[in-house]
Amino acid sequence: MNNDLPADDNERKEAITWMRDVLTAMVEVCPLSYQQKKMTAWYLNRMPDWLMARWADALNIDYKGGRTRYPDMVQQAKSDAVRNLAQQYLEGHDAVAVGNCLEELSKSVVKHYQAGDLPLDIETVEKQVCALALTGCNDEGAEFAEYAGDILSDAKTRNHPIVDYHLALEYRDKSKLESLDVALAGGRYGSWAAERLTEAERFLGLEPPHFTIRVGERTPQWDLLWKRLFTGGDE
């Protein structure tokens with residue numbers, strides 16, 4: 001019997017657990033607001049292994065190699081050196097401010113959806129908000145953020161695209177939002193962001209279930225099984 005697959009699967013699960021613990025430890029020392037820390041830690045602790053693996057692959061995180069090279073990273077993540085590194089990264093990406101803007105935008109989307117006055121359908125708005133929120137994850141996202149700024153901003157000094165999107169939503173600027181949707185459609189980043197949204201919906205139970213039907217050769221054993229299932233016996 002070949003035991004390679006079970007061993008590989010066990011190694012993968014341990015590596016995912018390591019990654020989850022490292023991320024949780026880093027969130028604890030990051031200079032985020034209390035609410036941001038709370039929600040991020042909640043999500044990390046409840047994110048299933050399959051979703052953690054999908055996100056790691058999407059962000060090119062070598063969690064298996066990381067666990068092998070840095071098995072004590074959870075302890076190191078709480079050190080002053082890592083704390084300072086995390087602070088520099090968050091400040092360089094305006095993470096706290098962007099997180100606050102995204103929170104306000106999300107509240108606004110919910111308010112307008114409940115009032116029935118969103119300028120576009122809710123699926124399109126969800127897709128756009130998700131895409132804008134993830135622009136810092138890869139190079140394609142950074143390019144899209146620049147393009148989104150050209151579409152959404154009216155001023156020479158630009159805000160973050162999330163801020164300008166919020167303004168367009170509040171002013172019901174349908175033209176800008178439709179132009180943004182055209183920019184998002186068909187591109188690599190648009191497809192990437194849509195995959196992340198679908199995965200989140202699947203995790204939250206909002207995506208319709210998918211079924212895979214496998215067709216195999218009919219055997220006497222299968223005939224006997226179905227007979228017992230439907231008749232309760234052999235007779």
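Index from 1, following the sequence.
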Within 45° of the six-membered ring axis of W192 and under 6.0 Å from that ring's centre, is NZ or CZ of R196 located there? yes
D72 side chain to Q75 backbone, donor-acceptor under 3.5 Å: no
Evaluate the side-chain contact (heavy atoms from CB on, under 4.5 Å) criterion for residues N159 and S153: first the C-alpha distance (whole Å), next the side-chain angles of each, then the deciding distance (0.1 Å), finally the verdict. CA-CA 7 Å; N159 298 310; S153 179; 6.0 Å; no
Single hit among L132, T135, L180, I151 for side chain to side chain contact (heavy atoms under 4.5 Å, CB included) with P161: L132
Under a 4.5 Å cut-off applied to non-hydrogen side-chain atoms, are K176 and D164 in contact? no
Nearest heavy atoms of E28 and K37, plus distance in Å: O-NZ, 2.9 Å
Using a 3.5 Å distance criterion without hydrogens, assess whether the side chain of Y189 forms a donor-acceptor pair with backbone atoms of N138. no
Whether K127 and E123 form a salt bridge (side-chain N of Lys/Arg under 4.0 Å from carboxylate O of Asp/Glu) is what I want to check. no
Donor-acceptor contact below 3.5 Å, side chain S106 vs main chain L102: yes
Taking every heavy atom of A77 against every heavy atom of M26, the minimum-distance pair comes out as CB-CG, 3.8 Å
Ion pair present between D21 and R67, side-chain N to carboxylate O less than 4.0 angstrom? no
Using side-chain heavy atoms (C-beta onward) and a distance below 4.5 Å, is L167 in contact with L152? no
Just wondering, do H160 and Y165 contact through their side chains at under 4.5 Å, heavy atoms? no
Non-hydrogen side-chain atoms of E178 and T124 separated by less than 4.5 Å: no
Between V125 and H112, is the side-chain contact (heavy atoms from CB on, under 4.5 Å) condition met? List the steps. CA-CA 11 Å; V125 173; H112 288 295; over 6 Å; no
Worked check of side-chain contact (heavy atoms from CB on, under 4.5 Å) between Y43 and L51: CA-CA 11 Å; Y43 193 72; L51 187 53; 3.6 Å; yes
Polar contact flag, side-chain donor to acceptor under 3.5 angstrom, Q76-Y70: no
